[in-house]
Amino acid sequence: MIEAIQTRKGKHLMKIADIDLDKPGPQSIAIVTIDIENLRHHITGLEPYSKALLIFRYRQAIVGQAYCPVYHGTISIQDINARIGNVSWPAWCELMRSKVNRPLPTATIAVCTRDRTDDLAKCLESLIPLAEQGHEVLIVDNCPSDRSTFELVGCYPQVRYINEPKPGLNNARNRALREADGEVVVFTDDDAFVEPGWVSALLENFEDPMVAIVTGITLPAELNTKAQRWFEETNGFGRGFVREVFDTNTIWPLASGKVGAGVNMAIRRSAVEEIGLFDAALDGGTATKSGGDQEYFYRALSRGFRIVYDPRAIVWHKHRRDWESLRNTIYGYGVGVFAWWTSALINEGETTLYWRAPKWFLQYHVRNLIRALFRRPQHHPLDLAWAEFRGALIGPVSYFKARKALGVTHPNERDQLQFDRGVHKKLLDFDDSLEVST
Amino acid sequence: VTQPLTLSVVIPTHNRVELLSQSLTALRHQSWPADDFEVIVVADACEDETASFVQEYRAEAPFELKLIEHNARNPSATRNKGVSEARGNYILFLDDDVTPSPELVKAHLDAGGPNTVVLGYSKPVFHHKCDWWQQGARLWWEDAFRQMGQAGHRFTYRDFFSGNVSMPAELFHTVGGFDLSISGRLEDYELGIRLLEAGVKFKFKPEALGFHHEHTNLDIWLRRLRMEARANIQIGYQHPALRHNLFSDFQAENIPFEGITARVQNLSFHHKKLYVWLYKGLLNLTHLSEKLRWRGPYWYTTRVLREMAYWGGVAECFDSEAAFLGYLQESPIQTDFEEKRLMVDLASTSSKEALEKIFRETDEREITVAFDGLELMSFYPEFGTENIEARHLFRELRERAQREFFPSPAFQHFLISLEEYQ
């Protein structure tokens, strides 16, 4: 692994050394999970670190986080106490959450992957306990270049392997939606791993029949490199520590980035008939690079469904380690937002985007770029701001490019696939039985 | 001549033969034995082939199928007519656009009993892409049923929907059936009031699931609001204590701006031409907003239209604003709450059983619940609402705790113990 030195302008001047990134360096941030009910002693043994990210946990939920200095590998209990104050409201909410007495729906866990067996192995390890609880686990191998994923998954008989030859993350997600047996399909990424209570925490929220999607909290698995720290600071998956319910009354659907991300989401399959499938022209593996999950959240909201964010459903995500990948990711986010907004404009007729999208471009991308240029306080690194700016500019074009590459006029297969919705299915069954009997 | 059956299903219908055939088909597939209930279709002023369809269907139906035709154009009369021919011990009212699930009849009969009304779950179903109004309506219906399903829900007459509800036939006759003077809208609410005032227990059964095929849209809804205003006034004549409820259909939660009700009232009583002009303009603007998917303007215009339709309906019922104000002033006002007040302090009585006992045995009009001297909430006897019970308090407290922090550890402990109660 190589960490490149950044110059002021963010260009690589030289590569100083090969650093083993699995080992933390002096700039690394330790990640410490603290159960606030059992907080008695100083935390020790954090030797190489000078800083730590404290993640506060209470009962089943994550209730807060704070950065904290580490002296001689130790965090004192006073330092922790000084930072624990702001968890009181989330902890109260967690304490007062009502139990769900109804039986939970069945779930299928799906992981879409492509040539990343190192990370996938860790992800699979965390999914095995869930498979043993009786949940179906699918690994959708998206257009693999070799057999390594197939061989890795072969080691786990509890896990189903599916090869999806059509490239594109959204194609893989659609495949998972079609192949799944469960009433709910729960997605995570191959570079993430999950907590044991993850699935049941997501499923509890489907008690409300109007909830189509549930998202959870995603925390950084490591913050060893500068790239990882920057990603967590600027584009982390943090969405707060209190359960929230979103629908068109509480959120503008085109701001669906606020509700969560594809790394930690569950989708009710019966709602897919109304929402449609994922747009194959969006997200990883296509010219648009990202935005598939956001566009799907948007469509769910705009069809009148609810989305719940629940900090009880916990996933740990390993951010990209090297700066090059970080820049590509940020560039991809810039492309993705404007690509999926383009899709919302042309497929769904969201005409407010004619002025909202340019406004956002000025308020966020242009502003960030100017702040980085003039080194205003807390500016982003210039190369990241520039990458996101370029991405945003190319976004709309990339959506048309991706569609052209797919060779479709209509962007996805929403209409080709009939999902059974309770009523119709049942009524059809009645009619069949009638014909047989008469 | 007739021997009693367990259940009579009464289906009032008006020109909806296709949906009716779905309902009848679904009734053939009930888990309850088909020879133990009858189905009475009451066709009100049907101009389609409803009558001939039912006549033909009768031959193949495993249950007894009766057809009554009349020409009243009045849902209250139609339902009463159906009951008058019924020989079941229980009556199940099913609308023609509600398709029952196989467990529906059984769920109603399992939960039913003397002095009990069983409310079923009519899940709204749309057969095409929902427009924005329909999305809102679907949320509204689903939320209403979810509320009813929660332990400690205090039922009101607003929970009584006649599309999927059952009760003992005797009870229906005792309270006097549907009121014929209220027709078209809210006649079910009015019956709900009389049932609750007679001390009947409401029960919600989610297993009594029917699929409600919805065809309402914004324009139909606005027309209905006008009729609802008229029905509300009629209900006010029947039950003067409810006259103030003219206002409570739209309580402050969703009003677009302060004082809108007063302004719209003024408009609909005094500036009828301006009212009509504004109403049409706003309706067009609403449709345009939806077409262009402008959510903000849509939200405002629909809220204003809702007020306008409703108060326009009210204005149609009175010659002048003075007459309307006179109508409101006839409403009796309760003034003796303060004197007859029971204070319950949770710091001294926090066992659930003790609270249940207090709530059961008190005959005070108002119960105020406090913790260590801090007043938390008050419960009043409300007309057309279930009597207060301790479980209502428990639910209110749990709900309050979702929004508010209570620092006392003893009270927290009590709140947590309520979770197990639920």
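Each chain gets a letter, A, B and so on, in the order its sequence line appears, and its residues count up from 1.
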Would you find a donor on one side and an acceptor on the other, under 3.5 Å apart, between the side chain of Q135(B) and the backbone of S302(A)?
-> yes
Side chain of W92(A), backbone of F406(B): donor and acceptor closer than 3.5 Å?
-> no
Residue [X] versus chain A: region with a heavy atom under 4.5 Å:
X       : value
D131(B) : neither
E399(B) : neither
F145(B) : neither

Residue, of D247(A), T351(A), T248(A), that accumulates the most heavy atom pairs under 4.5 Å with chain B = T351(A)
Exercise: identify the closest heavy-atom pair between F405(B) and W89(A) = N-CZ3, 4.0 Å
Residue pair R398(B) / M96(A): nearest heavy atoms and the distance that separates them | NH2-O, 2.9 Å
Does a side-chain heavy-atom distance below 4.5 Å link [X] with [Y]?
X       : Y       : result
N249(A) : L139(B) : yes
E274(A) : K129(B) : no
P209(A) : Y121(B) : yes

Between atom CZ of R97(A) and atom CD of Q402(B), what is the distance when rounded to the nearest 0.5 Å?
-> 9.0 Å
The reported gap from CZ in R293(B) to CG in L345(A) (rounded to nearest 0.5 angstrom) is 11.5 Å
Counting heavy-atom pairs under 4.5 angstrom with chain A, the leader among Q134(B), K123(B), R146(B) is R146(B)
Should R102(A) and E207(B) count as an ion pair when the cut-off is N to O under 4.0 Å?
-> no
Should R306(A) and E142(B) count as an ion pair when the cut-off is N to O under 4.0 Å?
-> no
Is the number of heavy atoms from other residues, nucleotides or ligands under 6.0 Å of Y300(B) OH greater than 12?
-> no
